[in-house]
Amino acid sequence: MEAEIREIRDHISRHPPFDGLTDDLLDEVAGAVEITYFKAGTTIAERDGSVQALSYIRGGAVEVYRHNGQLYNRLGEGDIFGQLDLLRGRPVRFPVQAIEDTLLYLIPKPVFDRLCATDEDFADFVELSGSRLKSTVEQSQRDNDMIATRVRRLISRLPVMIEESATVQEAARLMTEHDVSSVLLLKPGNDDDSDRMFTDTEGQQWLLTGMITDKDLRQRIIAAGASAQTPLASISHDKLITIQSSESVSEAMLTMLRNNIQLLPVLHRRRPVGVVDLSDIVRYETNNSVYLVSNIFSRISVKGLARLTPEVRASFVRLVDEGATSRMIGGAMSSVGRSLMRRLVELAEADLGPPPVPYCFMVHGSLARNDQSIATDQDNAIVLHDAFEPKRHDDYFRALARQVSDGLHACGYPYCKGGVMATNDLWRQPLARWKRYFRDWIAKPDPQGLLHSSIFFDLDAVHGEARFVEELQDLIATRAKASPQFLAALARNALGRTPPLGFFRTFVLEQDGRHNNSINIKRRGIAPLNDVIRVHALGVGSRAQNGFDRLDEITQAGALPAGQTDKLSYALEFLSIVRMRHQAQEIQDDHEPHNAIQPERISDTERHNLKEAFQVLSNAQNFLRFRYPSPGR
């Protein structure tokens, strides 16, 4: 008998919510368990029957049905059912049937009640319908570190602004009144072609021209003996350095260090939304990825940048080992990737000379979504000013694209096999041509256009005129939302890659010659999940690029049933972190990182969570068919 109780204890202790119980509680549960057996095809729980125990599946598999007979869920070893009926003191709501010979551990209601009363984690788990995935993800989440935190998180107040025609005295009074150490300078304007032009809440257009600080007042007014009535516009000041609110805190710090400034205005697109002080980000300082990014900008050649590849990998492994979330790691690696690309563009411009017309180097895929891992190829393009003339200017930009692409390849970002790079003439075009591309893909969603949409509609600026990319983002958000035909076609296209689950929630393994008996977790999990999220995001007119940010906006728009975006978020986080942990282990074992996961080489808990995450994806794909039906159906 003692051996049997010990076996029960050992088994339940490996699965949530029992894996967090104290030894005394585990002993109590194991000693109280009743064991029962059901043959395949027999009913375990009938609708409206009484519930006297929590059911734990020791072996086998069951199906749970809705009252209308529709399949609700399939459960296997280590799963529980009946918890909600016990909590609410009600009869069976969802009938349960054995689909394999099934062995159950029944935990009596008094013991279940005691566990809920004495262990908060256990209570939270069963009250939230027993999602292992949710429990695992929430337990692993920690505060964001510096490199993954957006600079907008540090803004606590709107910036104080004043027209540059005002006097120094008026500026000093305003700074004193608001207890700030700087004011931003504005003047009325109508130059839509400027990156500093914005429209206020009353529809007035303003041009951001500069910033005056306490230091300026001391050195250029008081120390120089100038009049308090001196117009602000007459005070010489350095070129205004700004940063976008979506940039990381690490990039804000590096911008300040590189330009030797203490205060940095923050813009949302072109509109000022705050000013951050260097002291605001000192508390976020780290001793790893930030200094890697700093090191990138100190390199003076492609060879020098390529020599940082081992440090990039070491930084990735360190973040994984420290327990960072996939969102944090993805943000950190994206910051590294963006910095490498920016430095390569700077080196190319230094070699080729200044560009003949304004342009923007834009990125797609994981770098645009800010979720880059360590094993990823490059996806990029160039948006040129409409003054671009191919015969006069394209030799320059072709050479620029080649130098950047070759540099990325040398730094560990392989060439895109599909040719989605600025070296491809198709993807090095004026803004007007890009707009025509996007309008055509949305208006005529044929297979080629849908393929391009799934690639290029994740986009972000890395270097140059960011407003070019903003205009493209605005076009996508406006036109895609207004086109049911396009959304339906994109939804159908998103169903092409299904999760690797068999009928009984077993894994369907791949045999590709290199990684047999494995699952490509990116191709069969993360990528199709991002496809689903992208469709919903476009459907609500979201301009967000990151998967988690898109889910936030989908939630705010009420586009999905309650709780569904949370499930998608948990699935995205778990699949991503499993991939990153696997890649970090491959690096530590001196192997090239890849995306092939072998289920038999991971823990029971991770296998269960993988199945649940893939089931979330499967359910989301099924809902996509319903949410975006083909016109006329």
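Note: hydrogens, waters and symmetry copies are ignored here, and every other heavy atom, side chains too, is used.
- If you check the side chains of Asp446 and Gln448, you find no donor sitting under 3.5 Å from an acceptor.
- Looking only at side-chain heavy atoms (C-beta outward), Thr209 and Leu240 stay at 4.5 Å or farther from each other.
- Residues Leu568 and Ala620 come closest through the heavy atom pair CD2-CB, 3.6 Å.
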Tell me, with the steps shown, if His364 and Trp427 meet ring-ring contact (aromatic ring centres under 6.0 Å, His included).
-> CA-CA 12 Å; His364 309 282; Trp427 314 134; 8.4 Å; no

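- Within the 4.5 Å cutoff, no side-chain heavy atoms of Thr565 are placed close to those of His536.
- Between the side chains of Ser405 and Gln378, at least one donor-acceptor pair of N or O atoms lies under 3.5 Å.
- A donor and an acceptor atom, one from each side chain of Asn595 and Arg523, are nowhere located under 3.5 Å apart.
- A donor-acceptor contact closer than 3.5 angstrom links the side chains of Glu553 and Ser542.
- Nearest approach of Arg343 to Ile300, heavy atoms of both residues: NH2-CA, 4.0 Å.
- Under 3.5 Å, the side chains of Thr555 and Asp552 contain no donor-acceptor pair of N or O atoms.
- Residues Gln621 and Asp531 have side chains that never bring a donor and an acceptor to within less than 3.5 angstrom of each other.
- With 3.5 Å as the limit, one finds a donor-acceptor pair spanning the side chains of Gln403 and Asp351.
- Of the residues listed (Trp434, Phe438, Tyr437), the one engaging Phe456 in a ring pair (Phe, Tyr, Trp, His ring centres under 6.0 Å) is Trp434, and it is the only one.
- A donor-acceptor pair under 3.5 Å is absent between the side-chain atoms of Ser518 and the main chain of Gln598, judged by distance alone.
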